[in-house]
Student: 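Before we start, here is the structure in question, set down as C-alpha cells.
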Amino acid sequence: MGKQFLSKKVTTIALGLALTIPALTPAAAAGNGHVTIDSVKFNGMEAPKTIDKMVQTYTNASMDVKYSNGEVKNFPLSYKRLFKSEDKVAINKGKLIPAGTPIDVNGDPIMDTSVEGNPTYYVSDAPDSNSLLNPIHGQQYMVTHYEYQTIDAAGKSAYGIVPASMSLSKLDQDEKTGELTPKEVKKIDFSSVNGLWIPCNGSLSPWNTHLGSEEYEPDARSFELPTSSTRTQVESFAKLYFGDKSKANPYFYGFIPEIKVDKHGEASVAKHYSIGRFSHELMKMMPDQRTAFFGDDGSYTTMFMYVADEAKDLTAGTLYAAKFHQTGTENGGAGNLEWIKLGHSTDKEVKQIIDSGIKFSDIFETSDVPKEGFKAIKQYSYGKTEYLKLKPGMEKAAAFLESRRYAALLGATSEFNKMEGVTLNEKDNKVYIAISDQSNGMIESSTDPVDDMKLPKIKSGVTYQLDLTDGQKDSSGQKINSKYVAASMSGLIAGKDMPSADPYGNTADVNSVANTDNLSYSEALRTLFIGEDSGMHTNNFVWAYNVDTKELSRILSVPAGAESTGLFAADNRNGFSYIMSNFQHPGDELDGKSITAVDKNELKLAMEKEIGIDRTGGVGYISGLPSLKDLQNTNRDVKCDLYK
C-alpha cells in the first residue's frame, strides 16, 4: 500500500496530544536549531495471504514521524485485545458472566434454553461501538455495544429476538506505555427505558457522554398483524426481557440512548425520543453541541438532521429530513440537500404519546391501492410501496414515532441505501458519511414512487463528504438555527466492484475500501479511519485515509468472515492515543465464498479452533501511535503544538 504523508501547513502538529512540549530556550535554539515535527505518515500493510493470518486480528502497519531536521522515527503498530465477548469478565450481582451476555429488566443474565436440559448464557458474538471516554476524575472508562446474537446454542438464528446490551469497562492505563487493561466490566442497566434494541454504532458527545443507537426499528404497521415476523420478534424480546410478551411495543425502540458516567463510575441511561425514531446507525454531534447528523441503516432510508434547543441537552429539539437534488455521478455521485422540517418536540412529550398506547393505525390511514388523498411512499421498515394518509392531529406522533414515513409524506428522499457511519472533520467543516452499498433506491428506478436518486450502482459502497455551512433555510423558507447545516454531499472514496471473485474470494478490489461502515476522524492526524462491513472482502480491514494527500493505507485485518466494528480514534487520553477496533461474527458466510488460494475447509477449521464461528467477538484497539514520551525520546528537544 501507499505511504501516507500529512501536508505541512503549519510548523507544528499534534500527534493525538492536546498539550504542548515546551520549546527550546532562545539560547538552546540558537545553538541547536529549532526542530519541529514536519509530517506523519502511515505505512500500510499487505492483505493476509495465509490461513494463519486470515484467522487473526493483526496489524504490521506502522507510522513515521518526520522532523524538520530530516530525522524520521518509526512507530510500529500492534493490536491489543482487551477481551472477547464470551470471556467471563463482567461482574453482575457478585458473579462473573460473559461480557456479551444481556441482562433482563431485573438485572439477571438472560439464559439460552434452546438446548433442552442445558441452559446457558446468551452471549453476543457482535461487539460493536466503543467510546473511550475522556478520563473522569483521572479514571479511564469505555462503553461497548453488543449488537445482537447470530445463533443460539442449538445453532438456530437468534438475530433480533434476544435483547441487546452494553457494558462499562473501567480500564487501567500503564503510565509508561499507555497499555490498557480491563480492571472492571459491568453491564449497563436499561430497565428504565424498556431495554435495548440492536445497538449498532455510537459516538462520544463533546460533553463526554456516550451516544448509542437502536438500529432496524421494528415496523409498527406489521406489528399489528398477529402472525407477522415483526410481532414474533418484538414479543420474543419482551418475553426474554420483561418475562411477559404482553409488554411488547414496537414504539419502545428505535431511539438514541445516552449513557452518562458519574465520578463514581456509575452509568445512567436516557433514551431521547425527541430525536426521532428510525434505524439509528449512530448520531454524531457537531461543534455547536446542538446539531447532529445520523446514519439510517437499511434500504430506502432517509438522511436526518437534529437541532437541539440548548447545547449539551438532547431532551428537546427540531427534527429535519433531507431532499436530495442530484448534481452529478462522478466518484459515486453528488447532490444538494434541501432540509424539510418535520417538527419540534421534547422527550417528555413523545414519551407520553408512547405511554398512551398509541398504535400505527392511530396515526395513519392505509390503502392497498392508489387512492385519492393517499400518497405512495416506499421506506425501509415496510419494504414495499404503501399508500398512506395522515390522520388529523397526528403530526407530532408521525414526526417522532414514524419519522421516515412522515418525512416521505412531506417530500423528503427515502432512497438512501445502507447509510451507516458518520464522523466530523471540524477544521474543514465537513461530515463524512458511509453508504455501505450503493444500490436499491439510490439507482434509477421506473417503479419506485419517487426517484430523486439516479446514481451509479456500486455494491462495494461509497464514502461521502457533506459540506457544512451557516445561513441555511428549510424548504418552507424558515432559517435553520444552526451554523452546521449540510448543504451538499459528494463522493470521496468509491469502492471497486469486480466481475468475479479473486482466488481469496474477494469480489471487490482488495486494495480499495469495500462496504465502508464505521468511520472515525482524527483531527490531530488529519486522517479518516474507515472500518469495513463487507461480504465482498473475505477479510475485512481498517483503513487510514489522509484527507490532504488522498492516500489510503490498510492498517488492520480482522478474521475471515468477520466485520470490523467499534472504530473510534481517541486523539488524547492522558497523553496516549488509540484507535479502538473490534470484530464481530468471525467465520460468517465462508461457505458461500469461492476461495481457491487456500483450502477453505482448513480455513474454517482454523477459524473454529482459533476463535469459533459466530460464537464470540473481540474488543480491542490499535496501539503504538506516538505519545508525548515517544516524541521526547529523540536526540534533541522537539516542539509539538496542537494542530489547528
Side-chain angles (χ1 to χ4, degrees), residues 16 57 59 79-85 87 89-90 99-100 124-136 139-148 164-173 178-188 196 198-205 208-213 215 256-261 265 267 280-284 295 420-423 517-522 529-533 540 542 555-556 558 562-573 576-585 616-623 625:
T57 306
T59 178
Y79 184 76
K80 304 288 186 183
R81 184 182 294 168
L82 293 169
F83 51 81
K84 292 185 292 184
S85 57
D87 292 345
V89 295
S124 170
D125 60 313
D128 204 300
S129 174
N130 294 313
S131 277
L132 189 64
L133 275 62
N134 288 296
I136 299 171
Q139 178 62 55
Q140 191 67 68
Y141 295 96
M142 177 181 69
V143 176
T144 300
H145 290 187
Y146 303 90
E147 186 178 4
Y148 57 81
S165 68
M166 295 186 195
S167 66
L168 176 67
S169 298
K170 186 177 183 180
L171 302 173
D172 280 340
Q173 184 183 47
E179 182 173 353
L180 300 174
T181 53
K183 183 177 182 180
E184 181 183 65
V185 181
K186 296 188 294 187
K187 302 303 293 189
I188 297 176
L196 178 65
I198 310 182
C200 193
N201 208 340
S203 66
L204 183 66
S205 75
N208 207 34
T209 60
H210 173 74
L211 301 178
S213 60
E215 189 180 57
I256 295 289
E258 181 177 16
I259 316 301
K260 298 180 181 179
V261 180
H280 288 286
E281 171 80 13
L282 66 73
M283 174 182 191
K284 183 64 179 178
E420 306 208 31
V422 186
T423 194
D517 185 349
N518 282 199
L519 300 177
S520 189
Y521 183 75
S522 168
F529 296 101
I530 305 168
E532 297 181 335
D533 176 9
N540 280 198
V542 173
I555 62 170
L556 185 74
V558 301
E563 174 187 341
S564 169
T565 60
L567 185 64
F568 176 77
D571 273 348
N572 173 40
R573 298 296 182 270
F576 294 95
S577 300
Y578 308 91
I579 303 170
M580 311 305 297
S581 187
N582 302 341
F583 69 83
Q584 61 178 226
H585 57 71
T616 190
V619 177
Y621 64 96
I622 299 172
S623 68
L625 298 176

Student: Looking at OG1 of T209 and CG of L133, how far apart are the two atoms once the value is rounded to the nearest 0.5 Å?
Tutor: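 Taking OG1 in T209 and CG in L133, the distance rounds to 8.0 Å.
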
Student: With side chains defined as the heavy atoms from C-beta onward, is the minimum distance between L171 and P182 less than 4.5 Å?
Tutor: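 Yes, at least one pair of side-chain atoms sits under 4.5 Å.
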
Student: Looking at side-chain heavy atoms only, is the closest gap between P135 and Q173 below 4.5 Å?
Tutor: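 Side chain of P135 against side chain of Q173, heavy atoms only: no contact under 4.5 Å found.
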
Student: Work out which heavy atom in I136 is nearest to a heavy atom in N208; give both atom names and the distance.
Tutor: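 Heavy-atom minimum between the residues: CG1-ND2, 3.8 Å.
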
Student: So, does R573 use its side chain to make a donor-acceptor pair with the main chain of L132 at under 3.5 Å?
Tutor: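 Flag set: sc R573 to bb L132 pair under 3.5 Å.
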
Student: How close do L567 and N518 get, counting heavy atoms only, and between which atoms?
Tutor: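 Here L567 and N518 meet closest at N-OD1, 3.0 Å.
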
Student: Work out which heavy atom in D517 is nearest to a heavy atom in E420; give both atom names and the distance.
Tutor: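 Scanning both residues completely, I find the closest heavy atoms to be OD1-OE1, 2.9 Å.
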
Student: Does the side chain of I579 come within less than 4.5 Å of I555's, by heavy atoms?
Tutor: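 Yes; the side chains approach each other to less than 4.5 Å.
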
Student: Is the closest side-chain heavy-atom distance between V422 and L519 below 4.5 Å?
Tutor: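 Of all side-chain heavy-atom pairs linking L519 with V422, none is under 4.5 Å.
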
Student: Show the numbers, then the answer: is there a side-chain contact (heavy atoms from CB on, under 4.5 Å) between E532 and V558?
Tutor: CA-CA 10 Å; E532 297 181 335; V558 301; over 6 Å; no

Student: Using only atom types and a distance under 3.5 Å, with no angle test, would you say the side chain of S131 pairs donor to acceptor with the backbone of V143?
Tutor: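 No.
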
Student: Would you sort out whether S85 and Q584 count as a side-chain contact (heavy atoms from CB on, under 4.5 Å), showing the intermediate values?
Tutor: CA-CA 9 Å; S85 57; Q584 61 178 226; over 6 Å; no

Student: Nearest 0.5 Å, please: how far is NE2 in H210 from CZ in F568?
Tutor: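 Going from CZ on F568 over to NE2 on H210, the span is 10.0 Å.
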
Student: What's the verdict on side-chain contact (heavy atoms from CB on, under 4.5 Å) for N582 and T144, showing C-alpha distance, side-chain angles and the deciding distance?
Tutor: CA-CA 10 Å; N582 302 341; T144 300; 4.2 Å; yes

Student: At what distance, to the nearest 0.5 angstrom, does OG of S564 lie from CG of D533?
Tutor: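 Those atoms lie 9.0 Å apart.
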
Student: Closest heavy-atom contact between G100 and Y146?
Tutor: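 Closest approach of G100 to Y146: CA-CD2, 3.6 Å.
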
Student: Measuring from F583:CZ to D128:CG, what's the distance to the nearest 0.5 Å?
Tutor: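 One gets 13.0 Å once the value is rounded to the nearest 0.5 Å.
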
Student: Of the non-hydrogen atoms in P127 and V619, which two are nearest, and what is the gap between them?
Tutor: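 Looking at all heavy atoms of both residues, the closest pair is CB-CG2, 3.7 Å.
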
Student: What are the two closest non-hydrogen atoms of S213 and P257, and how far apart are they?
Tutor: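 Scanning both residues, the minimum pair turns out to be N-CD, 3.4 Å.
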
Student: In terms of side-chain heavy atoms, does K187 have a donor or acceptor partner in S165 at a distance below 3.5 Å?
Tutor: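 Side chains of K187 and S165: pair found under 3.5 Å.
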
Student: Contact between Y141 and E184 at the side-chain level, heavy atoms closer than 4.5 Å - yes or no?
Tutor: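 Not touching, per the 4.5 Å side-chain cut-off.
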
Student: Decide yes or no for F529 and S581: does some side-chain heavy atom of the first lie under 4.5 Å from some side-chain heavy atom of the second?
Tutor: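 Heavy-atom side-chain distance check fails, nothing below 4.5 Å.
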
Student: Less than 4.5 Å apart, any side-chain heavy atom of L82 and any of M580?
Tutor: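 Sidechains of M580 and L82: in contact.
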
Student: Given side-chain contact (heavy atoms from CB on, under 4.5 Å), test T57 with L556 step by step and report yes or no.
Tutor: CA-CA 7 Å; T57 306; L556 185 74; 4.2 Å; yes

Student: Rounded to the nearest 0.5 Å, how far apart are CD of E147 and CD1 of I198?
Tutor: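 Rounded to the nearest 0.5 Å, the CD-CD1 separation comes to 7.0 Å.
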
Student: Do H280 and E215 have side chains that approach each other closer than 4.5 Å (heavy atoms only, starting at C-beta)?
Tutor: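 With C-beta onward as the side chain, the pair stays apart.
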
Student: Evaluate the ring planes of Y148 and H585, with Trp represented by its six-membered ring, and classify them as parallel (under 30°), tilted (30 to 60°) or perpendicular (over 60°).
Tutor: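 Rings of Y148 and H585: parallel, as their planes differ by under 30°.
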
Student: Crowded around K186 NZ? As in, over 12 foreign heavy atoms under 6.0 Å?
Tutor: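 Yes, NZ of K186 has more than 12 neighbouring heavy atoms, counting only those of other groups under 6.0 Å.
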
Student: Between atom CE of M166 and atom CD1 of I259, what is the distance when rounded to the nearest 0.5 Å?
Tutor: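 One finds 4.5 Å between CE of M166 and CD1 of I259.
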
